[in-house]
2 protein chains.
Amino acid sequence: MPALPGGFLNHAGEEILDAAHRELSEETALVAGCVHLEQLATYGGAGRDPRGRVVSVAHLAIAPGLPEPVAGTDAVDAAWVPADAVLSGEVELAFDHRRIVTDGIERARTKLEFSALATAFCGELFTIAELQQVYEAVWGTELDTRNFYRKVQAVKGFIVPAGPGRRTTGGRPARLYRAGPKSVLSPPLIRPVPSRTEEDTGTEEDTREEGD
Amino acid sequence: MPALPGGFLNHAGEEILDAAHRELSEETALVAGCVHLEQLATYGGAGRDPRGRVVSVAHLAIAPGLPEPVAGTDAVDAAWVPADAVLSGEVELAFDHRRIVTDGIERARTKLEFSALATAFCGELFTIAELQQVYEAVWGTELDTRNFYRKVQAVKGFIVPAGPGRRTTGGRPARLYRAGPKSVLSPPLIRPVPSRTEEDTGTEEDTREEGD
DNA sequence: CCAAAAGTGTTATGAATACACCCATGC
DNA sequence: GCATGGGTGTATTCATAACACTTTTGG
């Protein structure tokens, strides 16, 4: 049964974030500098791992492209799995890793609204249409191209034009942008209504009557 | 120099959240059930604590009232400190605890917008004016009483009327409410931003700097 | 009656949307 | 020319902020 990549802190008083980067680069080709990595949450307690008490500090990694996993210490069978396959249960993960993935996806969806995280999915240069595809993929929604175009440009410091280069994909060539200096978006890009995921007791009572 | 309360996981494979509740109740009169407690982040690495490597899973606690701290294991000098005093540096904390407090306050301010966390600051029954005071205190802003009144009631499942009881404070008695079933607010209560139209620094990267 | 706080109605303003329209390229 | 996708203008719709106003209590 597949599991998330991970490992232990080394003995040199290593920073947690550094350790996460190290473990990630050991099992994929993703090295620090090309990948956004942030702490997600810490999972502990008995029963997580039958081998004994393990406290895991889960991290969320975002990067453009999908480099093939490299056979590392214990990653001979490493593979990429679509997020939907984990959410739906089609792919079953070991331990409590399905919960960790669920938390991570929710974190990504929320951060897309209020931070510049989306640019971490793109290469250094990208078009606005590519950025929109990130939002549509992560949110699972469709957005109006024209409105997205202006909305994204209205957020000062989110993206900045990158020289005179263009990228052509069959129609009119698109301007290129790179990530701007701001990491917190104001105003935020609000995701369309499909009711935020409930946390715990959130019972969505949709008492909407249809008149006829 | 004061520090945040805390302690170690016990040896029985205790859940992290349970351990946080246990430590909190050992040093204050706040017991589980009356207090909202959620994981904030994990801080680790060398240099945090001169006594050696310590990995701390910080938690954020929200509760109504301020029970006097009880002299517990090592809390003989326990005291409440205003959040502003820590933010401003007027009160200095040991280790990297000032950073933890800063992160926790930011978490509380953000969660107030999108979750029903504010009700955790109130008793079981509260008036809308009391709820508004929570928002004003945590956000450090002033809100229009009349608009807050309707805005809060427009969020389905946030608060529900609690019988015919009233609470009087010198003027017309106020209706009483209790927390509703929803824990995620839609639409959210957006916090007024100081400068949404002006450009500012905003280079808030995720670099978590370790003090000492 | 008066002061104080709760609760309601109403309007102006600004933002989000929907969509018509123009621009630039490959074939 | 024409298909395709990039980019712009604009009207309608809707949420919000501001504030005048009414209601209900205590003294």
Side-chain angles (χ1 to χ4, degrees), chain A residues 112-114 118 122-123 125-137 139 141-156 158-178 185-196 208, chain B residues 112-114 122-123 125-137 139 141-156 158-178 185-198:
Chain A
L112 235 55
E113 298 187 81
F114 305 101
C122 301
L125 298 181
F126 51 86
T127 69
I128 292 187
E130 287 167 2
L131 194 64
Q132 180 181 346
Q133 285 165 18
V134 170
Y135 276 90
E136 291 183 332
W139 283 348
T141 61
E142 289 197 353
L143 304 171
D144 184 290
T145 314
R146 291 78 56 97
N147 292 334
F148 182 84
Y149 193 89
R150 277 168 300 194
K151 205 167 187 171
V152 128
Q153 287 183 315
V155 183
K156 292 194 307 290
F158 182 16
I159 60 174
V160 294
R166 306 260 157 169
R167 181 168 299 170
T168 174
T169 62
R172 171 176 173 175
R175 284 199 274 265
L176 291 173
Y177 293 83
R178 59 164 48 91
L185 306 187
S186 64
L189 273 67
I190 303 297
R191 112 174 88 151
V193 285
S195 81
R196 290 154 197 281
R208 183 171 304 153
Chain B
L112 235 55
E113 298 186 80
F114 305 100
C122 303
L125 298 180
F126 51 86
T127 68
I128 292 187
E130 287 167 1
L131 194 64
Q132 180 180 347
Q133 285 163 18
V134 171
Y135 277 89
E136 290 182 333
W139 284 348
T141 61
E142 289 199 352
L143 303 171
D144 184 292
T145 314
R146 291 78 56 96
N147 291 335
F148 183 84
Y149 193 89
R150 279 167 299 196
K151 204 168 189 173
V152 129
Q153 287 183 315
V155 184
K156 295 195 312 286
F158 183 16
I159 59 173
V160 294
R166 304 263 157 167
R167 180 168 299 170
T168 175
T169 61
R172 171 176 174 174
R175 285 199 273 264
L176 290 174
Y177 293 83
R178 61 165 47 91
L185 307 187
S186 62
L189 275 68
I190 303 297
R191 116 173 84 152
V193 297
S195 64
R196 171 158 291 187
T197 54
E198 273 313 310

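For the numbers below, each heavy atom of this structure counts, side chains included, while hydrogens, waters and symmetry mates do not. The sequence lines fix the lettering, A, B, ..., with proteins before strands; numbering per chain opens at 1.
The backbone N or O of B:T127 sits less than 3.5 Å from a side-chain atom of B:E130, completing a donor-acceptor pair. Proximity of a side-chain donor or acceptor of A:Y135 to a complementary backbone N or O of A:L112 within less than 3.5 Å is detected.
A distance of 4.0 Å separates CD in B:Q153 from OH in B:Y177, rounded to the nearest 0.5 Å. Atom-to-atom distance recorded for A:Q133:CD and A:L131:CG is 9.5 Å, nearest 0.5 angstrom. The structure places CG of A:D144 at 8.0 Å from CZ of A:R150, a figure rounded to the nearest 0.5 Å.
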Considering only nitrogen or oxygen atoms on both sides, find all protein atoms under 3.5 Å from nucleotides 10-13 of chain D and state each distance.
from: D:dT10; atom 1: O4; to: A:R150; atom 2: NH1; distance (Å): 3.1

Polar-atom pairs under 3.5 Å, protein N or O versus N or O of nucleotides 2-5 of chain C: list them with distances, or write none.
from: C:dA5; atom 1: N3; to: B:R172; atom 2: N; distance (Å): 3.4

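Considering every non-hydrogen atom in both A:L143 and A:F148, the closest pair reads CD1-CD1, 3.9 Å. Considering every non-hydrogen atom in both A:R191 and A:E113, the closest pair reads N-OE1, 2.9 Å.
When each of B:D144 and A:T127 is assigned the nucleotide of DNA chain D bearing its nearest heavy atom, the one mapping closer to the 5' terminus is A:T127.
Residues satisfying the salt bridge (Lys or Arg N to Asp or Glu O under 4.0 Å) test with A:R178, not counting sequence neighbours, are A:E124.
The CZ atom of B:R146 sits 16 Å away from the P atom of D:dT23 (whole-angstrom rounding). Regarding B:L189, its CG atom lies at a distance of 15 Å from the P atom of D:dA15, rounded to whole Å. Distance CD (B:Q153) to P (C:dA6): 13 Å, rounded to an integer number of Å. Straight-line distance from the CD1 atom of A:I159 to the C1' atom of D:dG6: 14 Å, rounded to whole Å. Taking atom CD1 on B:I190 and atom C1' on C:dG14, their separation rounds to 16 Å, with Å as the unit. One atom, CD of B:E142, and another, P of D:dA18, lie 12 Å apart when rounded to the nearest Å. Rounding to whole angstrom units, OH of residue A:Y149 and P of D:dG9 are separated by 11 Å. Rounded to an integer number of Å, the gap from CG of A:L131 to P of D:dG6 is 13 Å.
In this model, the phosphate group of D:dA15 is not approached by any side-chain N or O of B:K151 to a distance below 4.0 Å at OP1 or OP2.
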Task: Verdict with reasoning, A:T145 to A:Q132, per side chain to side chain contact (heavy atoms under 4.5 Å, CB included) - done: CA-CA 8 Å; A:T145 314; A:Q132 180 181 346; 3.6 Å; yes
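B:R175 comes within 4.0 angstrom of sugar-phosphate atoms only, judged by non-hydrogen atoms across all strands, and of no base.
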